[in-house]
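One-based numbering, in listed order, for ligands and for the atoms of each. On a predicted model such as this, the values are computed, not experimentally measured, just so you know.
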Amino acid sequence: MIQHVQTNTVISPEMYNKIATAAELLRAGAIVAFPTETVYGLGADISTSSAVSQLFEIKGRPTNHPLIVHFADASQLQHWAQEIPDSAWKLAEYFWPGPLTLILQRSHHVPVTVTGGQNSVGLRVPDHPIALALLETLGADKALAAPSANRFGRISPTTASHVRDEFGQAVDMILDGGACKVGLESTIVSFSSQTATVLRPGGIPLAALAKVLKGQITLVDKNKLTERAPGMLAAHYAPATPLEICASEYIWQHAIKLEAQGLRTIVIVRADSTADPLMNKNIVSYSMPQEPMAYGNQLYAILRQFDRQEFDRLLIEMPPDTPAWLAITDRLLRAGVVITLNNRTTYPK
Ligand code: TXA
Ligand code: MG
């Protein structure tokens with residue numbers, strides 16, 4: 001129900017008309033991009049198999065890679081999932097609508113084409129008035145499969161123009177809700193084993209989930225987030241320009257090395273960076289917010305912006321090793337390679 005909407009954004013009559021058109025298009029099997037609080041999604045009605053296949057096709061995504069199913073109200077959870085543990089209900093009640101995806105056993109209402117052949121399904125109630133109004137207009141037993149509206153492996157879009165840049169005419173309609181307020185994808189929590197497990201850090205911090213579940217939640221393979229070897233990464237969330245991640249201590253030293261090799265480099269550091277750029281005035285740099293929420297909100301837009309410019313390397317400062325930066329560190333480590341002093345690097349692309 002609309003009363004669950006947590007933002008104060010008012011939907012204009014024009015936008016309501018567009019939402020009605022979008023719902024008609026979706027019923028007819030079209031693909032519609034829409035804003036959520038995290039990133040823009042590329043939506044298809046899960047009950048229309050041709051639209052779901054087309055989603056995989058235009059995204060260039062392997063069909064065994066499951067999609068998140070979005071619906072309008074937490075109370076509909078048992079329509080889409082079964083054997084729902086109490087802890088999942090707790091998270092749903094506390095955080096939905098919001099940037100949280102729950103992986104649960106799918107009900108027969110969810111086609112396996114959407115789940116990539118699996119018996120589990122990713123479910124989420126987004127906290128965006130346009131997304132919720134669109135889902136409401138579609139109807140109570142309807143849901144939208146919506147991956148992030150980017151080509152497979154690339155940076156997620158946080159504005160409607162990012163979606164246009166990615167897909168142009170391949171998408172039937174884009175609902176423009178301005179910039180996404182979170183800017184990073186949802187936190188994914190799986191209930192496929194006894195304990196709730198965070199599979200992807202994201203919009204909801206681990207500490208907030210742990211508080212609601214009284215500590216009964218773990219982070220999957222935490223070491224993998226920090227110990228990924230260069231060249232071993234699956235390229236994901238990646239700009240086309242090679243992205244290198246470097247500790248504050250040697251970021252400028254590394255930038256000088258790249259420039260000496262004739263590689264045009266931009267150095268992206270936090271506003272409170274301890275890296276000392278004084279001796280390197282000739283290298284282009286950009287200052288990001290020092291606060292993780294604001295940083296996460298801008299990250300994808302900034303990477304896209306610099307990716308369009310004439311740089312050979314995007315060099316970004318390694319985030320602090322604290323829980324608040326976990327989602328950002330996770331995305332960067334998937335998007336690029338970590339440079340350590342004297343380390344030869346290879347690229348996943
Ligand atoms: O914030 C978000 O979650 C955005 C917005 C649009 O809602 N969506 C998003 O979707 O990021 P996508 O498709 O780009 O990423 C979905 C992730 C994938 O990593 C996928 O493997 C995982 O969710 N996922 C979905 N269903 C799953 C399942 N049944 N089991 C395990 N992982 C699943
Ligand atoms: Mg994605």
A.B. asks: Please tell me whether Tyr286 and Phe306 form a close aromatic pair, meaning their ring centres lie under 6.0 Å apart.
C.D. replies: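 Tyr286 vs Phe306: aromatic centres under 6.0 Å.
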A.B. asks: Can you name the residues that form a ring-ring contact (aromatic ring centres under 6.0 Å, His included) with Tyr250, not counting sequence neighbours?
C.D. replies: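 Residues passing ring-ring contact (aromatic ring centres under 6.0 Å, His included) with Tyr250: none at all.
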A.B. asks: So is Arg61 actually on top of Phe152's ring, under 6.0 Å and inside 45° of the axis?
C.D. replies: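 Because its charged atom misses either the 6.0 Å distance or the 45° angle limit, Arg61 does not stack over Phe152.
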A.B. asks: Do other residues, nucleotides or ligands put more than 12 heavy atoms under 6.0 Å from Met15 CE?
C.D. replies: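 Check passes, neighbour count above 12.
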A.B. asks: If the threshold is 4.0 Å, N to carboxylate O, is there a salt bridge linking Arg154 and Glu166?
C.D. replies: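 Answer for the salt bridge query: no.
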A.B. asks: Could you identify the single nearest non-hydrogen protein atom to atom 24 (N) of ligand 1 and state the distance to 0.1 Å?
C.D. replies: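 Nearest neighbour among protein heavy atoms for atom 24 (N) of ligand 1, to 0.1 Å: Pro66 CG, 3.8 Å.
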A.B. asks: Tell me whether Trp252 contacts the main-chain N or O of Ile256 through its side chain, where contact means a donor paired with an acceptor under 3.5 Å.
C.D. replies: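 Here the side-chain-to-backbone pair does not exist.
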A.B. asks: Among all protein heavy atoms in this structure, tell me which lies nearest to atom 19 (O) of ligand 1, with the distance rounded to 0.1 Å.
C.D. replies: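 Of the protein heavy atoms, His65 NE2, 4.0 Å lies nearest.
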A.B. asks: I need the nearest protein heavy-atom contact for atom 14 (O) of ligand 1: residue, atom name and distance, please.
C.D. replies: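 Here the closest protein heavy atom is Ser148 OG, 2.8 Å.
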A.B. asks: Which atom pair, heavy atoms only, marks the closest approach of Val110 to Ile46?
C.D. replies: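 Minimum heavy-atom separation between Val110 and Ile46: CA-CD1, 4.4 Å.
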A.B. asks: Would you mind listing which atoms of ligand 1 come within a distance below 4.0 Å of any non-hydrogen atom of Pro147?
C.D. replies: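 So the answer, numbered in order with elements, is 10 (O), 12 (P), 13 (O).
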A.B. asks: Please list, chain by chain and in numerical order, all residues satisfying side chain to side chain contact (heavy atoms under 4.5 Å, CB included) with Gln118, sequence neighbours excluded.
C.D. replies: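 Pro66, Thr115, Ser120.
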A.B. asks: Hey, is Ile68 one of the residues with a heavy atom under 4.0 angstrom from ligand 1?
C.D. replies: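 Checking ligand 1 against Ile68, which is what was asked, there is a heavy-atom contact under 4.0 Å.
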A.B. asks: Can you confirm if the aromatic rings of Trp96 and Phe71 lie within a centre distance of less than 6.0 Å?
C.D. replies: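 Centroid separation for Phe71 and Trp96: below 6.0 Å.
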A.B. asks: Against heavy atoms of Val121, which atoms of ligand 1 measure under 4.0 Å?
C.D. replies: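 Answer, ordered by atom number: 29 (N).
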A.B. asks: Specify the protein heavy atom at minimum distance from atom 7 (O) of ligand 1: its residue, its atom name, and the distance to 0.1 Å.
C.D. replies: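 Of every protein heavy atom, His70 NE2, 2.7 Å lies nearest to atom 7 (O) of ligand 1.
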A.B. asks: For the residue pair Cys246 and Ile339, establish whether any side-chain heavy-atom pair is separated by less than 4.5 Å.
C.D. replies: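 Side chain of Cys246 against side chain of Ile339, heavy atoms only: contact under 4.5 Å found.
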A.B. asks: Salt bridge (charged side-chain N to carboxylate O under 4.0 Å, His left out): which pairs involve residues 44-56, sequence neighbours left out?
C.D. replies: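 Qualifying pairs, neighbours excluded: Asp45-Lys142.
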A.B. asks: Starting from atom 3 (O) of ligand 1, find the nearest protein heavy-atom neighbour and note its residue, name and distance.
C.D. replies: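 Looking only at protein heavy atoms, the one closest to atom 3 (O) of ligand 1 is Ser186 OG, 2.5 Å.
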A.B. asks: Would you say Lys59 has any N or O atom under 3.5 Å from an N or O of ligand 1, going by distance alone?
C.D. replies: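 For ligand 1, there is no N or O atom that lies under 3.5 Å from one belonging to Lys59.
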A.B. asks: Spell out, as yes or no, whether a donor-acceptor pair under 3.5 Å connects the side chain of Asn297 to the backbone of Lys181.
C.D. replies: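 Yes: the side chain of Asn297 pairs with the backbone of Lys181.
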A.B. asks: Could you tell me the residue and atom name of the protein heavy atom closest to atom 22 (C) of ligand 1, and the distance to it rounded to 0.1 Å?
C.D. replies: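 Protein heavy atom with the smallest distance to atom 22 (C) of ligand 1: Ile188 CD1, 3.8 Å.
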A.B. asks: Quick check: does any side chain N or O of His162 sit under 3.5 Å from a backbone N or O of Thr159, one acting as donor and the other as acceptor?
C.D. replies: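 Checking the backbone N and O of Thr159 against the side chain of His162, a donor-acceptor pair under 3.5 Å is found.
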A.B. asks: Does Arg106 come within less than 4.0 angstrom of ligand 1, counting non-hydrogen atoms of the residue?
C.D. replies: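 Arg106: no contact with ligand 1 (<4.0 Å).
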A.B. asks: Using distance alone, decide if ligand 1 has a nitrogen or oxygen within less than 3.5 Å of any nitrogen or oxygen in Thr38.
C.D. replies: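 Indeed, backbone or side chain, Thr38 has an N or O that close.
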A.B. asks: Nearest protein heavy atom to atom 13 (O) of ligand 1, by residue and atom, and its distance?
C.D. replies: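 The answer is Arg61 NH1, 2.7 Å.
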A.B. asks: Distance-only, no hydrogens or angles: does the Asp172 side chain make a donor-acceptor pair with backbone N or O of Val32 under 3.5 Å?
C.D. replies: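 Judged by distance alone, no pair lies under 3.5 Å.
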A.B. asks: Checking a contact table here: which protein heavy atom is nearest atom 28 (C) of ligand 1, and how many Å away?
C.D. replies: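 The protein heavy atom lying closest is Ile103 CD1, 3.6 Å.
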A.B. asks: Going by distance only, is there an N or O of Ser120 that falls short of 3.5 Å from an N or O of ligand 1?
C.D. replies: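 Indeed, backbone or side chain, Ser120 has an N or O that close.
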A.B. asks: Any idea how many protein N, O or S atoms are nearer than 2.8 Å to the Mg ion (ligand 2)?
C.D. replies: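 For the Mg ion (ligand 2), protein nitrogen, oxygen or sulfur atoms under 2.8 Å: 1.
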A.B. asks: So is Ala146 close enough to ligand 1, meaning a heavy atom under 4.0 angstrom away?
C.D. replies: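 The answer is yes: ligand 1 sits under 4.0 Å from a heavy atom of Ala146.
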